[in-house]
Participant: 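Below is one structure. I have some questions about it.
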Amino acid sequence: QVQLVESGGGLVQAGGSLRLSCAASGRTEVAMGWFRQVPGKERQFVAAISWSGLKIYYVESVKGRFTISRDNAKNTVYLQMNSLKPEDTAVYYCAASRGPTVAGTLWADFGSWGQGTQVTVSS
């Protein structure tokens, strides 16, 4: 099991930047991902990174704006979000996979979740 704690959410104007962090404890040699969810909609995949950091995946809508990275020495995964848009407003969740590789981009492919952090982008 992996325990995850997100931080870094907040309110930002369109075009601005935020960096989310996810501190992991427990079994940490796993792939990690970020999802987001707005009320009334399903949790949406945003980005994922393998434990080695060599495999990275993004949803098309954030490519070129968001960057996922990890520091295994600190057991922390980051999501740098630039050029934010109002449609990026959501609760962002950190997720841990069940192994070192990214098995898929569905929420069911990840076994552990953080509590979520709110990101609000004003127009």
Side-chain angles (χ1 to χ4, degrees):
Q1 278 285 15
V2 184
Q3 292 75 47
L4 305 170
V5 179
E6 301 104 332
S7 61
L11 173 65
V12 65
Q13 288 188 333
S17 299
L18 282 174
R19 188 176 81 157
L20 305 182
S21 299
C22 175
S25 59
R27 181 172 172 256
T28 58
E29 295 183 354
V30 293
M32 300 288 290
W34 288 95
F35 286 70
R36 62 189 180 187
Q37 189 170 24
V38 297
K41 292 191 175 181
E42 291 188 352
R43 198 165 292 189
Q44 178 195 33
F45 169 78
V46 176
I49 185 169
S50 63
W51 180 75
S52 68
L54 296 179
K55 295 289 188 180
I56 291 176
Y57 306 86
Y58 297 101
V59 68
E60 191 65 33
S61 60
V62 308
K63 284 182 180 178
R65 300 189 298 121
F66 291 11
T67 302
I68 189 171
S69 62
R70 65 189 301 159
D71 184 340
N72 289 343
K74 296 181 179 179
N75 292 329
T76 301
V77 175
Y78 305 97
L79 185 67
Q80 177 67 44
M81 304 185 294
N82 298 329
S83 302
L84 282 160
K85 304 175 181 180
E87 51 263 44
D88 294 318
T89 295
V91 177
Y92 283 71
Y93 295 90
C94 177
S97 184
R98 298 179 178 87
T101 58
V102 180
T105 59
L106 301 176
W107 68 267
D109 294 316
F110 293 80
S112 301
W113 296 86
Q115 81 286 358
T117 185
Q118 177 70 45
V119 171
T120 303
V121 184
S122 62
S123 57

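Everything quoted here is computed from the prediction, not taken from an experiment.
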Participant: I want to check something: taking the side chain as every heavy atom from C-beta on, are E29 and P100 in contact at a cut-off of under 4.5 Å?
Facilitator: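 The answer is no, as the side chains (C-beta and beyond) never meet within the 4.5 Å cut-off.
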Participant: Grab the two heavy atoms, one from V62 and one from V46, that are nearest each other, plus how far apart they are.
Facilitator: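 Smallest heavy-atom distance, with atoms named: CG2-O, 3.8 Å.
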Participant: Under the salt bridge (charged side-chain N to carboxylate O under 4.0 Å, His left out) rule, collect the residues that match up with E60, sequence neighbours excluded.
Facilitator: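 Partners of E60 by the salt bridge (charged side-chain N to carboxylate O under 4.0 Å, His left out) criterion, ordered by chain and then number, come out as K63.
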Participant: Could you tell me which residues satisfy ring pair (Phe, Tyr, Trp, His ring centres under 6.0 Å) with Y58, sequence neighbours excluded, listed by chain and number?
Facilitator: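 Checked Y58 against ring pair (Phe, Tyr, Trp, His ring centres under 6.0 Å); zero matches.
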Participant: Report yes if some heavy atom in the side chain of W34 is under 4.5 Å from a heavy atom in the side chain of E6; otherwise report no.
Facilitator: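 Yes, side chains in contact.
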Participant: Is V77 reachable from I56 through a run of I, L, V, M, F, W or Y residues, each pair having side-chain heavy atoms under 4.5 Å apart?
Facilitator: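 They do share one cluster, since a chain of ILVMFWY contacts under 4.5 Å joins I56 to V77.
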Participant: Count I, L, V, M, F, W, Y as connected when their side-chain heavy atoms are under 4.5 Å apart, and connections chain through other members. Are Y78 and V59 then in the same cluster?
Facilitator: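 No; V59 is not reachable from Y78 via cluster members.
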Participant: Nearest heavy-atom pair of N82 and S17: which atoms, and what distance?
Facilitator: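 Result for this residue pair: OD1-OG, 2.9 Å.
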Participant: Do the side chains of Q118 and T89 get nearer than 4.5 Å, heavy atoms only?
Facilitator: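 Yes - at least one pair of side-chain heavy atoms lies under 4.5 Å apart.
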Participant: Applying the 4.5 Å side-chain criterion to the ILVMFWY set and letting contacts propagate, would L4 and Y92 be lumped into a single cluster?
Facilitator: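 They do share one cluster, since a chain of ILVMFWY contacts under 4.5 Å joins L4 to Y92.
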Participant: Run the side chain to side chain donor-acceptor pair (under 3.5 Å) test against S112 and tell me which residues pass, sequence neighbours left out.
Facilitator: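 S112 satisfies side chain to side chain donor-acceptor pair (under 3.5 Å) with Q1 only.
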Participant: Strictly under 6.0 Å, is that where the ring centroids of F35 and F110 end up?
Facilitator: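 Yes, they do, as the ring centres are separated by less than 6.0 Å.
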Participant: For residues 67-96, pull every pair meeting salt bridge (charged side-chain N to carboxylate O under 4.0 Å, His left out), keeping only residues two or more places apart or in separate chains.
Facilitator: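 Qualifying pairs: R36-D88, R65-D88.
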Participant: Testing the basics here: between G33 and I68, what is the closest heavy-atom pair and its distance to 0.1 Å?
Facilitator: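 Heavy-atom minimum between the residues: CA-CD1, 4.5 Å.
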Participant: Rounded to the nearest 0.5 Å, how far does OG1 of T101 lie from CG of L54?
Facilitator: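 Atom-to-atom, L54:CG and T101:OG1 are 12.0 Å apart.
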Participant: Using the test ring pair (Phe, Tyr, Trp, His ring centres under 6.0 Å), find all partners of Y93 that sit at least two apart in sequence or belong to another chain.
Facilitator: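 Partners of Y93 by the ring pair (Phe, Tyr, Trp, His ring centres under 6.0 Å) criterion come out as none, since no residue qualifies.
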Participant: If you round to the nearest 0.5 Å, how far is OG1 of T67 from CZ of R19?
Facilitator: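 Result: 11.5 Å between the selected atoms.
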Participant: Could you report the tightest heavy-atom contact between G9 and V119, atom names first, then the distance?
Facilitator: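 Nearest pair, atom of G9 first, then V119: CA-CG2, 4.2 Å.
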Participant: In Å, rounded to the nearest 0.5 Å, how long is the span from CG of L79 to OG1 of T117?
Facilitator: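 That separation rounds to 11.0 Å.
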Participant: Among C22, S97, S50, which residue satisfies the side-chain contact (heavy atoms from CB on, under 4.5 Å) criterion with M32?
Facilitator: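 One option only clears the test, and that one is C22.
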Participant: For W107, is the CH2 atom crowded, meaning more than 12 foreign heavy atoms sit under 6.0 Å from it?
Facilitator: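 Not more than 12 within 6.0 Å, no.
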Participant: Identify, with sequence neighbours excluded, every residue that meets ring pair (Phe, Tyr, Trp, His ring centres under 6.0 Å) alongside W51.
Facilitator: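 Testing W51 for ring pair (Phe, Tyr, Trp, His ring centres under 6.0 Å), a comparison that skips the adjacent residues, returns none.
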Participant: Any idea which heavy atoms bring V30 and A96 closest together, and the distance?
Facilitator: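 Closest approach of V30 to A96, heavy atoms only: CG2-CB, 4.0 Å.
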